[in-house]
Amino acid sequence: MANIYKKVNTDLITGTENTVYTVPNNSRALIKSIHIYNEGAGSADVTVKIESSGVTYFYDNSSALAAGSKEEFVTNILVLQENDKLKCLSDITGPDVTVSLLEINREDK
């Protein structure tokens with residue numbers, strides 16, 4: 001069994017739902033942190049969703065995340081199963097997303 005610590009970064013673009021992370025086959029992911037920093041020019045409405053088995057679920061959102069401010073979206077640990085997708089959406093271009101996670105794979109690789 002392999003434990004792999006990962007950091008995933010992405011930028012959000014106006015109105016585009018971005019798949020930030022997809023859990024690989026034969027794996028689970030423990031999401032420790034979803035940190036969003038708004039480097040955009042104005043306030044941002046950011047939504048975090050989880051897609052599981054083709055169904056999208058609302059996880060959290062931040063209304064009016066001011067320019068130059070940050071927010072943490074995980075208060076404990078979020079568990080994702082194989083092929084689940086973590087998605088983010090913003091109403092402006094500029095927010096940066098950083099996800100810190102532990103990927104647990106049932107194979108030695």
Side-chain angles (χ1 to χ4, degrees):
M1 180 177 293
N3 292 331
I4 305 160
Y5 291 95
K6 291 188 173 186
K7 174 184 62 79
V8 179
N9 293 93
T10 192
D11 294 321
L12 299 182
I13 299 170
T14 305
T16 303
E17 190 170 82
N18 188 334
T19 299
V20 177
Y21 173 74
T22 302
V23 181
N25 288 331
N26 209 18
S27 299
R28 299 292 186 264
L30 303 178
I31 310 294
K32 178 62 179 156
S33 173
I34 303 172
H35 178 88
I36 299 180
Y37 173 75
N38 183 10
E39 69 175 0
S43 65
D45 291 333
V46 178
T47 302
V48 178
K49 300 177 182 180
I50 298 167
E51 182 181 311
S52 183
S53 300
V55 178
T56 300
Y57 299 94
F58 172 81
Y59 178 71
D60 202 354
N61 81 323
S62 175
S63 297
L65 181 60
S69 65
K70 61 187 175 189
E71 186 162 334
E72 181 60 46
F73 283 80
V74 177
T75 56
N76 201 346
I77 293 176
L78 171 63
V79 177
L80 297 180
Q81 298 178 353
E82 108 182 83
N83 300 316
D84 283 356
K85 296 177 182 179
L86 180 66
K87 298 180 172 189
C88 292
L89 174 67
S90 174
D91 67 337
I92 69 165
T93 297
D96 292 336
V97 179
T98 302
V99 178
S100 299
L101 63 100
L102 170 62
E103 197 171 272
I104 303 168
N105 188 295
R106 289 177 279 213
E107 301 171 11
D108 285 330
K109 59 175 177 172

**OP:** Working to the nearest 0.5 Å, report the span between CD of Glu17 and CD of Glu51.
**Re:** 8.0 Å

**OP:** Rounded to the nearest 0.5 Å, what's the gap from OH on Tyr57 to NZ on Lys49? Could you check?
**Re:** 13.5 Å

**OP:** Check for a donor-acceptor pair, side chain of Ser69 on one end and backbone N or O of Ala67 on the other, with a separation under 3.5 Å.
**Re:** no

**OP:** Apply side-chain contact (heavy atoms from CB on, under 4.5 Å) to the pair Leu80 and Leu86, showing each step before the final yes or no.
**Re:** CA-CA 9 Å; Leu80 297 180; Leu86 180 66; 4.3 Å; yes

**OP:** Drop me the distance from Thr47's OG1 to Ile36's CD1, to the nearest 0.5 angstrom.
**Re:** 9.0 Å

Original post:
Rounded to the nearest 0.5 Å, what separation is found between the NZ atom of Lys87 and the OG1 atom of Thr19?
Top reply: 4.5 Å

Original post:
Should Val23 and Tyr59 be counted in the same cluster of Ile, Leu, Val, Met, Phe, Trp and Tyr side chains packed under 4.5 Å apart?
Top reply: yes

**OP:** Drop me the distance from Ile31's CD1 to Asp84's CG, to the nearest 0.5 angstrom.
**Re:** 9.5 Å

Subject >> side chain to side chain contact (heavy atoms under 4.5 Å, CB included) partners of Ser63, counting only residues at least two apart >> reply: Asp45, Asn61

Original post:
Heavy-atom count around Lys32 NZ within 6.0 Å, excluding the residue itself: above 12?
Top reply: no

**OP:** Please name all residues satisfying side chain to side chain contact (heavy atoms under 4.5 Å, CB included) with Ser62, sequence neighbours left out, ordered by chain then number.
**Re:** Leu65, Glu71, Phe73

**OP:** Going by the side chain to side chain contact (heavy atoms under 4.5 Å, CB included) test, name the single residue among Asn38, Val46, Leu12, Ile13 that passes it with Ile92.
**Re:** Asn38

For residues 93-100, dump all side-chain donor-acceptor pairs below 3.5 Å to protein atoms at least two apart in sequence or in another chain.
residue: Thr93; atom: OG1; partner: Thr14; partner atom: N; Å: 3.1
residue: Thr93; atom: OG1; partner: Thr14; partner atom: OG1; Å: 2.9
residue: Thr98; atom: OG1; partner: Asn9; partner atom: ND2; Å: 2.8

Original post:
If two hydrophobic side chains count as joined below 4.5 Å and joins carry through other members, does Val20 share a cluster with Val74?
Top reply: yes

Subject >> Glu82 and Arg106 ion-paired at < 4.0 Å >> reply: yes

Subject >> Salt bridge flag under 4.0 Å for residues Arg28 and Glu103 >> reply: no

Original post:
Would Glu72 and Ser33 count as a side-chain hydrogen bond (donor to acceptor under 3.5 Å, both in side chains) if you check the C-alpha gap in whole Å, the side-chain angles of each, and the deciding distance to 0.1 Å?
Top reply: CA-CA 7 Å; Glu72 181 60 46; Ser33 173; 3.0 Å; yes

Original post:
Nearest heavy-atom pair of Asn25 and Asn105: which atoms, and what distance?
Top reply: O-ND2, 4.2 Å

Original post:
Which heavy atom of Ile104 sits nearest a heavy atom of Leu30, and at what distance?
Top reply: CD1-CD1, 4.0 Å

Subject >> hydrophobic_cluster_shared for Leu102 and Val8, side chain cutoff 4.5 Å >> reply: no

Original post:
How long is the gap from CG on Leu101 to OH on Tyr5, to the nearest 0.5 Å?
Top reply: 10.5 Å

